[in-house]
Amino acid sequence: MSTVDAEKRAEFAIRLKERYRALWSDVQNELARAEVESWQDTAGETHDSGDASVADLVTDINLADVHRDIGEMREIAAALSRIVDGSYGACADCAEAIGLPRLRANPAAL
């Protein structure tokens with residue numbers, strides 16, 4: 001059973017959906033940029049092993065950012081599911097109430 005009243009659940013649902021949309025936009029923009037900007041563009045036409053290493057690092061960082069954002073989107077989707085099923089605001093491990101300050105800081109908190 002939810003430990004958060006209906007008004008607060010609606011408030012958190014709005015915040016979660018806004019964050020989800022922002023992350024989705026970031027992921028789309030990053031993937032579109034990656035499509036345009038090839039590894040060759042990052043490394044340069046004539047590159048040495050140092051240039052290749054930097055290009056690999058930049059590509060890995062960009063992919064890590066996308067991976068992180070998708071992970072957060074999954075957490076948000078799970079929180080929205082908990083709002084719907086009535087378990088939002090309860091700890092997934094012990095079922096104790098998660099405090100409002102914690103939910104305000106991280107609305108997807110388990």
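In what follows, residues are counted from 1 in the order of the sequence shown.
- A distance-only check finds a donor-acceptor pair linking the side chain of Arg9 to the backbone of Val4 [under 3.5 Å].
- In this structure, CG on Leu23 lies 13.0 Å from CD on Glu30, to the nearest 0.5 angstrom.
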Can you give the donor-acceptor pairs under 3.5 Å from side chains of residues 68-79 to other protein atoms, not counting sequence neighbours?
{"from": "Arg68", "atom 1": "NH1", "to": "Asp65", "atom 2": "OD1", "distance (Å)": "3.2"}
{"from": "Glu72", "atom 1": "OE1", "to": "Arg19", "atom 2": "NH2", "distance (Å)": "3.1"}
{"from": "Glu72", "atom 1": "OE2", "to": "Arg19", "atom 2": "NE", "distance (Å)": "2.8"}
{"from": "Glu72", "atom 1": "OE2", "to": "Arg19", "atom 2": "NH2", "distance (Å)": "3.4"}

Hey, can you pull the donor-acceptor pairs under 3.5 Å for the side chains in residues 91-109, sequence neighbours left out?
{"from": "Asn106", "atom 1": "OD1", "to": "Ala108", "atom 2": "N", "distance (Å)": "3.2"}

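- At a threshold of 4.5 Å between side-chain heavy atoms, the hydrophobic network of Ile, Leu, Val, Met, Phe, Trp and Tyr places Trp24 and Leu80 in one connected group.
- Rounded to the nearest 0.5 Å, atoms CG (Asp85) and OG (Ser81) are 7.0 Å apart.
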